[in-house]
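One structure is given below, encoded as structure tokens.
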Amino acid sequence: MRIHGAKNSVLKLMAACTLAEGTFVLHNVPDITDVDVMIRLLASMGMRVTRPGPDQLEIVNPGGLTPEAPYDLVEAMRASIVVMGPLLAVYGEARVAMPGGDDFGPRPIDMHLRGLELLGARFESAHGYIRAHAELLQGARVLLEFPSVGATENVMMAAVLAKGDTVIENAAREPEIADLAAFLNRMGANILGAGTSTVAISGVERLVPVEHSVVPDRIEAATYVAAVGIAGGEVTLVGARPDHMDMLCQKVGEMGMRTSADPDGLWVMANRRLHSVDLATLPYPGLATDYKPFLISLLALADGVGIVTENIFSGRFRYIDELVRMGADIRTEGHHAVVRGCERLSGAPVRAHDIRAGAALVIAGLRADGETEVRDPHHIDRGYEDFVGNLAAIGADVERLT
Ligand code: EPU
């Protein structure tokens, strides 16, 4: 099965196209609705985006953009806020709708704002919008309270055109951050250390448009790893980067799966019922919070009891109620969940509340008696290209009803 480009990288690369005038080409772009939302956002600012071929985007930045992210688009996709840093860097101003909370609980952007403030930006908020100004962005030391992915990206994209040097400490280390830095460096930026906790950026005068291939999606790949763990069998995830999924491979290995790096990607196999383990989510290279819903589906069917601790998003347990409707034995207490594995689940109508939860319910349905109907599949479409087709291609009995 082929793994597509990473949602959480391509959205930021698209935002970074606001930084230079001219024509960019992105390859390995997944056909997902979050990319469509980002296309609408870029278009609303005055850019032209087309899909010249499968998996490709051509993005034309004619300059003179309207530096604004309207509420309907930020509400549809909170990742839209990553345009703030680059717009400030180019236009000295940005007007971005304030994102609300979501199914994970409150999701503040205080670290984004504090980081940009240290570079010289000023903010006012009124009528649900944040208005940012900066006469001159000046490099600074930005110590993040938590290695926030979005804050690291926003500050990095502002700093590339700031005057002087910026150092981001306690930066997020996700592979998607390294991909964004590689893209920016190819554009002419001067960034060192992306992918580690300390990122050093020397501001440059101008950037140029480039061509780039998006890093493979480790979260999409993890979803299919879990599908194999639940259904049994063996699959090669072509294009997956095992080196970006070390902790996941270690955990599913402890549960009894076999994984190995393959010249094509990642090979995974499960030939017996898995056993339970405890797990805790942490920033990269720890176990990603995004993997957790799939791992809970695995634990719900494993032999034994596993304790899951969520350390990134306090409210990211909501889909457990849906899994319980399918017969899973799970109790939550604060940010912990105790999962007692059972032999089989029981197919039921359930609702997807977010991208990963939706995917986790579908794969749980692979070992549930009878039919599982996952409602609101549009959440899954936000992050997965042809999820149903991919699962069907490796033998799942799954179809799209709407
Ligand atoms: N946080 C703050 N203040 C901030 C920023 C973050 O308190 O200013 C907190 C958050 O509330 C959260 C923690 O810090 O508790 C980490 O948030 P982070 O900023 O790292 O997350 P994000 O950038 O909003 C990205 C991904 C998420 C993924 C997290 C993992 C994108 C578009 N989203 O979100 O992916 O779960 O990193 O840290 O890159 C998904 O793909 O479905 C998804 C939700």
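Computed from a predicted model, the values in this text were never measured in an experiment. If you read the sequence from its start, that first residue is 1, and numbering goes on from there. Atoms within each ligand, like the ligands themselves, are counted from 1 in listed order.
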Judged on heavy-atom distance to atom 30 (C) of ligand 1, which of Thr289, Asp217, Asp354, Asn154 sits nearest? Thr289
For Thr236, run the side chain to side chain contact (heavy atoms under 4.5 Å, CB included) check against Asp262, Val268, Leu266 and tell me which one passes. Asp262
Is any N or O atom of Ala151, backbone or side chain, closer than 3.5 Å to an N or O atom of ligand 1? no
Whether Arg114 and Glu117 form a salt bridge (side-chain N of Lys/Arg under 4.0 Å from carboxylate O of Asp/Glu) is what I want to check. no
Ile219, any N or O under 3.5 Å of ligand 1 N or O: no
Salt-bridge criterion met for Asp290 and Lys7 (N-O under 4.0 Å): no
Run the numbers for me: atoms of ligand 1, each under 4.0 Å from some heavy atom of Arg316, listed by number. 36 (O)
Is ligand 1 under 4.0 Å from a heavy atom in the side chain of Ile355, in the backbone, in both, or in neither? side chain
Is Glu153 paired with Lys12 through a side-chain N to carboxylate O contact shorter than 4.0 Å? yes
Determine whether the side chain, the backbone, both or neither of Ala79 has a heavy atom under 4.0 Å from any heavy atom of ligand 1. side chain
For Asp243, which residues count as a side-chain hydrogen bond (donor to acceptor under 3.5 Å, both in side chains) partner, sequence neighbours excluded? Arg241
Proximity winner for atom 11 (O) of ligand 1, if only heavy atoms of Ala6, Ser80, Pro108 are counted: Pro108
Check this for me - ligand 1, Phe146, N or O atoms closer than 3.5 angstrom, yes or no? no
Shortest non-hydrogen pair, Leu19 vs Asn61, comes out as N-ND2, 4.3 Å
Out of curiosity, is Lys12 lining ligand 1, as in a heavy atom under 4.0 Å away? yes
Judged by heavy atoms only, the candidate from Val149, Thr152, Asn8 nearest atom 18 (P) of ligand 1 is Val149
For Arg356 and ligand 1, does the shortest N/O to N/O distance drop below 3.5 Å? yes
Sort and list the pairs that fulfil ring pair (Phe, Tyr, Trp, His ring centres under 6.0 Å) and have at least one residue in residues 380-402, not counting sequence neighbours. Tyr224-Phe387, Tyr384-Phe387
Do the ring planes of Phe183 and His212 sit parallel (below 30°), tilted (30 to 60°) or perpendicular (above 60°)? perpendicular
Per-atom contacts of ligand 1 with Gly150, taking only distances under 4.0 Å to non-hydrogen atoms: 19 (O), 23 (O)
